[in-house]
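Per chain, numbering begins at 1; letters A, B, ... match sequence-line order.
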Amino acid sequence: MSDPFALDDDLPPPSPPPRAAGPVPVPPDAPWLTGLNPEQLEAVTALDGPVLVLSGAGTGKTRVLTSRLAQILASKRAQPWQCLAVTFTNRAAREMKERVAALVGPMAQDLWLGTFHSLCLKILRRHAEAVGLKSDFIVLDADDQVRVLKQVMEAEHIDAKATPPQSLMATIQRWKDRAQTPEKLAAPEHATEVAGGRARELYRLYQERLRALNACDFGDLLLHTLTVFLGDRAVLERWQNQFRYLLVDEYQDTNVAQYLWLRLLAQKHQNICCVGDDDQSIYSWRGAEVGNILRFEKDFPGARVVRLESNYRSTPHILGAASGLIAHNAGRLGKTLRPGLSHDLDTVEKIRTRAVWDGEAEARAVVEEIEAFQRGGAALSSMAILVRAGFQTREFEERLIATGVPYRVIGGPRFYERLEIRDAMAYLRIVISASDGLAFERIVNTPKRGLGEAALQTIHILARDINVPLFDAARLLSNSDELKPKPRKALAQFVEDVGRWRSLLESMPHAELAETILDESGYVEMWRNDKSPDAPGRVENLKELVAALEEYQSLPSFLEHVALVMENDEKAETDRVVIMTLHGAKGLEFDTVFLPGWEEEVFPHQRALMESGGQGLEEERRLAYVGLTRAKKRVVITFAANRRIYNQWKSQLPSRFLDELPERHVERSADRGLYAGGLEESRAAWNAPSWKTAPPREAKPKTAIATGARVFHDKFGNGTVLSSDGNKLEIAFDKAGTKKVLDSFVTPL
DNA sequence: GATAATCCGGTTTTT
DNA sequence: CCGGATTATC
């Protein structure tokens, strides 16, 4: 395999950093410099040349980043637009922008500050032609990506069962993460593993298809930008010259493509400052390379390394527990978190572990504690339940609902990823841009207009033959007699509708236009008539979408925003407990953190354990470290002796991580009848037969179902049997109408 | 082309 | 065992 870090192009040796034209000394009492500890001060003021900041959890890395930006600007080393600051999430970007603005004022507006993807998009818009795109190319989200790939696979007669498009997509993403274009993708060894050896070819075809659609996916934003830089020295130099100072947040999460991107841009001035923590690297499964931290000193010779080890967030017990745990990982860069604040060890709580009987008892225990803290005056929003995986949230939700404690689950399907929202946006897209083939496909027969596979195919063939967008092909077909009268009429109606909406683009306010489109297309109507239980919610969401539109200048600017910012803007906070995954919690902090489910195969997760080489386990351990270090005051870890997984009872073994917590920082307890201890004790207890058997399921007597009987169906609810034919029943359901159903799907009432 | 039955998988997730 | 996605059937 070729070295993914090798760049095709021979880059010029870095020229010595040019003397900045008269940097100005910054007074040491500048507001962003006061109160910094010596290491922080060094990280903030070492402006010239490469700097690597190894920043442990809670050591003030955001403070360092924002202060450093303020320092660069105040020293007049660069104008705001000559500074590039990169984050991974929009949330982090927003926070940084706000905090810099607080220090330097409106100048912050002109910084190049954003996520890798948004910055790449900004750059790529100017050089799109160099990679075969027009500058108004669209950015596909995950859903559209898979749909495109699926089409490619179908055209190539790839068996979708042997190779699910999803998994090939994941493979391609990983290639893109490592900056492997189809051409560069070295060894055939990759290509042979997946899709019957044709993965590489499919990758190439997928890229071709994207280009034909004038579209790119998230990975392409980076990859294309790299291609542009490498393909045109003048362009590269233009950007290298502009960005005199680079700052990178969460550096341990960068993938190879992002790393190369940074290295290219920093080559000229060498003023790059990366902030990261190898112990918080928890995204290797999506291409992040912790190794980028290790490479830094090699690729930027003479780099200054600053370690931030004073923790201003957590108590000494929490830090001790977290440090003791993470010490079990091999190959760390090695940092020690020290308490940066003074604590009275007599009053500070040890972290607590608690053994409980099962998941229900766990939820009860945690919620009881939450209520107790609340009675003690703690805000609910100061407490969080951090789970390993999404399925764990349910029992907590149930318990919180039962006790009436307000809560909020972070994560889950996001607003702009919902089916109805994506459909609605496809309508907006096709109105704005007739050439948006994906949008056309998505809604041409939604709601149903009687345009089936046959009609779609005719449109596709014509579009391909005369090389026009699908919508134009549709227009031509609606005036010809290629199609049968019915679909032809439906298509003509659709084309006319879109044309009418398009003519309103200029004259009608865009939110109103969107409302009109959703109304006249019958799309809202479709959901109003839908009897499924989530239909009313979808209608609500569509209303919300229209409301959200008001906030934007125009439809295109709205769609551009949505392409990159797929987050929910949650409304103003009432006081609620948060439930979220450990991954989602990175970068946040809470007074009290509950860490449930510390059991072997739950956490560390089974799949991580199966991976070879212990890499998976180490990442799980880092995840545990992230969890512990979210807490300011106290941590409560729980683990259950029994857990129902996929509705099957299993007896659980306490997580090995429990044994890795240093005893002096931990207070262990167990609910009545349970062992408090670690692995050894519970191994003995494990085989006790008492809890291995789940209560046997009630056997259902098989009764014949007679005409007129009342029955229940999982999907359709209660109904009355009208007639039967062998094992087939015709049933009039109370809510869902009359259906034909097999008797095995209903139960007599 | 719509609807019902069957199959399959079942961590983490941003952009 | 539950649900989403695919397949099978009318």
Check every atom of [options] against the side chain of [X] and return the nucleotide holding the closest atom.
X      : options                : result
A/E620 : B/dT13, B/dT15, B/dT11 : B/dT11
A/R286 : B/dT15, B/dT11, B/dT14 : B/dT14
A/K150 : B/dT12, B/dT11, C/dT6  : C/dT6
A/T115 : B/dG10, B/dT15, B/dT13 : B/dT15
A/T89  : B/dT11, B/dA2, B/dT15  : B/dT15

Output yes if the stacking criterion (under 5.5 Å between centres, under 30° between planes) is met for A/Y646 over the base of B/dG10, else no. yes
inquiry  = Does the structure show A/H583 stacking with B/dT12, if we require the centres to be closer than 5.5 Å and the planes to be within less than 30 degrees of parallel?
reply    = no
In whole angstroms, how far is the [atom2] atom of [N] from the [atom1] atom of [X]?
X      : N      : atom1 : atom2 : result
A/D217 : B/dT14 : CG    : P     : 17 Å
A/Q648 : C/dC1  : CD    : P     : 7 Å
A/Q392 : B/dG10 : CD    : C1'   : 14 Å
A/W261 : B/dT15 : CH2   : C1'   : 13 Å
A/M526 : B/dA2  : CE    : P     : 11 Å
A/Q606 : B/dT12 : CD    : C1'   : 15 Å
A/D253 : B/dT15 : CG    : P     : 12 Å
A/R174 : B/dT15 : CZ    : P     : 15 Å

Output yes when at least one side-chain N/O atom of [X] is less than 4.0 Å from OP1 or OP2 of [N], else no.
X      : N      : answer
A/K176 : B/dT15 : no
A/T581 : B/dT13 : yes
A/N90  : B/dT14 : no

Just by distance, no angles: are the side chains of [X] and [Y] close enough, under 3.5 Å, to form a donor-acceptor pair?
X      : Y      : result
A/N214 : A/D136 : yes
A/Y251 : A/N292 : no
A/T638 : A/E362 : yes
A/E289 : A/Q258 : no

query = If we only count heavy atoms from C-beta on, is the A/R388 to A/Q392 side-chain gap below 4.5 Å?
reply = yes
Item checked: Flag side-chain contact, heavy atom, 4.5 Å: A/C216 against A/L140 -> no
Pick the [atom1] atom in [N] and in [M], then give their distance to the nearest Å.
N      : M      : atom1 : result
B/dT13 : C/dC2  : P     : 24 Å
C/dG3  : B/dT14 : C1'   : 25 Å
C/dT6  : B/dT11 : C1'   : 24 Å

*asked:* What I want to find out is whether A/R644 reaches A/E360 closely enough, with some N-O distance under 4.0 Å, to be called a salt bridge.
replied: no
Please work out if [X] contacts a base, only the sugar-phosphate, or nothing of the nucleic acid, heavy-atom cut-off 4.0 Å.
X      : result
A/L386 : nothing
A/R388 : base
A/G219 : nothing
A/F88  : sugar-phosphate

Worksheet item: Between A/H328 and A/F657, does the ring centre distance come in under 6.0 Å?
Response: no
The answer to which of A/K448 and A/E619 contacts DNA chain B further toward the 5' end, by nearest nucleotide, is A/K448
Annotated structure of DNA chain B as dot-bracket, pair cut-off 3.5 Å, Watson-Crick or G-U only, | for inter-strand, is ||||||||||.....
Between A/K740 and A/P165, the residue closer to the 5' end of DNA chain C by nearest nucleotide is A/P165
Those residues at least two apart in sequence (or on a different chain) that pass side-chain hydrogen bond (donor to acceptor under 3.5 Å, both in side chains) with A/S135 are none
